[in-house]
Chemist: 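Here it is: the structure, laid out below.
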Amino acid sequence: MIRKTRLFTPGPTPLLPAAQFAMAAADIHHRTPEFKALFQKVLAQLKIFVGTKNDVLLLSSSGTGAMEAAVSNLTSPGDKVLVLTAGKFGERWRDLANAFGCEPVVLSAPYGQTFDLAEVKKALTPEIRAVFMQATETSTAVSHDVEGVAKLIKEIAPDALLVVDGITGLGTTHFDVDGWGIDILIGGSQKAVMIPPGLAYLSVSDKAWAAMDKSKNPRYYFDLRKERKNQVKGETAYTPAVALVAGLGAALDYIAGQAGGDLEKGRIALVNNAIVNAAATRAGLAALGFTLFAPTAPAAAATAVAVPEGMDSSDVVKALKTRFASVIANGQGEMKGKIFRVAHLGFFDFLDTIALLGAMEHIAKDTLKLPVQWGQAVPAAQRVFAEAVHSS
Ligand SMILES: *Cc1c(COP(=O)(O)O)cnc(C)c1O
């Protein structure tokens, strides 16, 4: 049997071939009219992809660079900020806030769950300068209620800034960035936009720009005001990851092409694709006897699954790799061995979902010794898919 390598990880995700070709052909210098034209085109596309009238900046860094930029550009030492955390990436906000001398008030939810909005409301005191959260907590595959938190901020702490790590939320979640009032929304290249790691993008509201003038934290490479001055001219402050910018342009063209060239509609289709594949995966794996790790607020970006007591999720990860050359993600930190995670964000379609469920039937039977009937997982996924296509 031959085996095709397949990534089912929530970053990096599978690469779009058209983007790979564009990257290979991107033999251009960044201080030329050719790059400027490409960069301006991609920045305009990103605004539509994020769905905002705010400025959108592109940084040559992984997603965490943009998270750091949000903290360093918006805060000053001693600032009280609210960090909502329910996993490894929420904990990153806490650590970044500490690193830049903020005094984070940390509201946590247990792994696998989301926050109680009543608790968020209590924590939103008038001194809170900014709220940091994830749209989707990739480490537990939980989706958080960004709209609910945004409403609370408008209601009771209107001066506070809302900063959202949408690194796996963008392309898997419908946002109304300007309507809800998200001041900074961050995305990363190796997630829903189908290209390799190395770029981060973020939308920045007028309120956030105003806050930057007052912030006293140090910044240099990630000085967003300097970056903005350059990017309005189609330039970058430093040497950008030129090939990735070319790849991103090709990927956004592809997403637009899924809806006849309309990028906004293409984005909506991409989000709905993730939603349907996530629901189909949950249904299929539940039918196989697995327990969903985040049943109350599952993300469309990825699905986290608990293995039965006494079993090790590392065995599932290893067996899929060895037998089917398919890569899924283990749990992170203390969840390693307890859960595995399957991604749906970016360049995944329903046939990928069916393939994974088919392989999982073998793993459940042979590796986990569960009582499996062939075809046990697939019909549940088929029903979800059929319902979604007939109702749209
Ligand atoms: C992947 C991810 C990050 C980290 O991004 P890097 O590109 O690894 O720096 C941050 N937040 C979330 C929710 C993620 O999924």
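Not measured: the values here are computed from a predicted model. Ligands are counted one by one from 1 in listed order, and the atoms in each one are counted from 1 as well.
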Chemist: Below 3.5 Å, N or O to N or O, backbone or side chain included: is there any such pair between S62 and ligand 1?
Modeler: yes
Chemist: Would M67 count as a polar contact of ligand 1, with the cut-off being nitrogen or oxygen pairs under 3.5 Å?
Modeler: no
Chemist: Could K318 and D312 be called an ion pair, given the rule that one side-chain N must be under 4.0 Å from one carboxylate O?
Modeler: no
Chemist: To which protein heavy atom is atom 4 (C) of ligand 1 closest, and what is the distance rounded to 0.1 Å?
Modeler: R92 NH1, 3.4 Å
Chemist: Would you say the side chains of N330 and S314 form a donor-acceptor pair under 3.5 Å?
Modeler: yes
Chemist: Starting from atom 13 (C) of ligand 1, which protein heavy atom do you reach first, and at what distance in Å?
Modeler: T138 OG1, 3.1 Å
Chemist: Could you check whether the rings of F49 and Y201 sit parallel, tilted or perpendicular, using 30° and 60° as the cut-offs?
Modeler: perpendicular
Chemist: Do T52 and D178 have a side chain donor and acceptor closer than 3.5 Å?
Modeler: yes
Chemist: Distance alone, cut at 3.5 Å: any donor-acceptor contact between the side chains of N277 and T353?
Modeler: yes
Chemist: Return the closest protein heavy atom for atom 11 (N) of ligand 1 as residue, atom name and distance.
Modeler: D165 OD2, 2.6 Å
Chemist: Just need the protein heavy atom nearest to atom 1 (C) of ligand 1, so name the residue and atom and give the distance.
Modeler: K191 NZ, 1.6 Å
Chemist: For this output row, return yes or no: ring centroids of H144 and F115 closer than 6.0 angstrom.
Modeler: yes
Chemist: Does T136 come within less than 4.0 Å of ligand 1, judged by its heavy atoms?
Modeler: yes
Chemist: Parallel, tilted or perpendicular, judged at 30° and 60°: which one describes the rings of W180 and F175?
Modeler: perpendicular
Chemist: What class does the angle between the rings of F132 and W93 fall in, given that below 30° is parallel, 30 to 60° is tilted and above 60° is perpendicular?
Modeler: tilted
Chemist: Looking only at protein heavy atoms, which one is nearest to atom 3 (C) of ligand 1, and what is the separation?
Modeler: F89 CE2, 3.3 Å
Chemist: For ligand 1, which atoms sit closer than 4.0 Å to a heavy atom of G63?
Modeler: 5 (O), 6 (P), 7 (O), 9 (O)
Chemist: Tell me the protein heavy atom at minimum distance from atom 7 (O) of ligand 1, and give that distance in Å.
Modeler: Q190 NE2, 2.7 Å
Chemist: Quick check on contacts: which atoms of ligand 1 are under 4.0 angstrom from a heavy atom of T64?
Modeler: 4 (C), 5 (O), 6 (P), 9 (O)
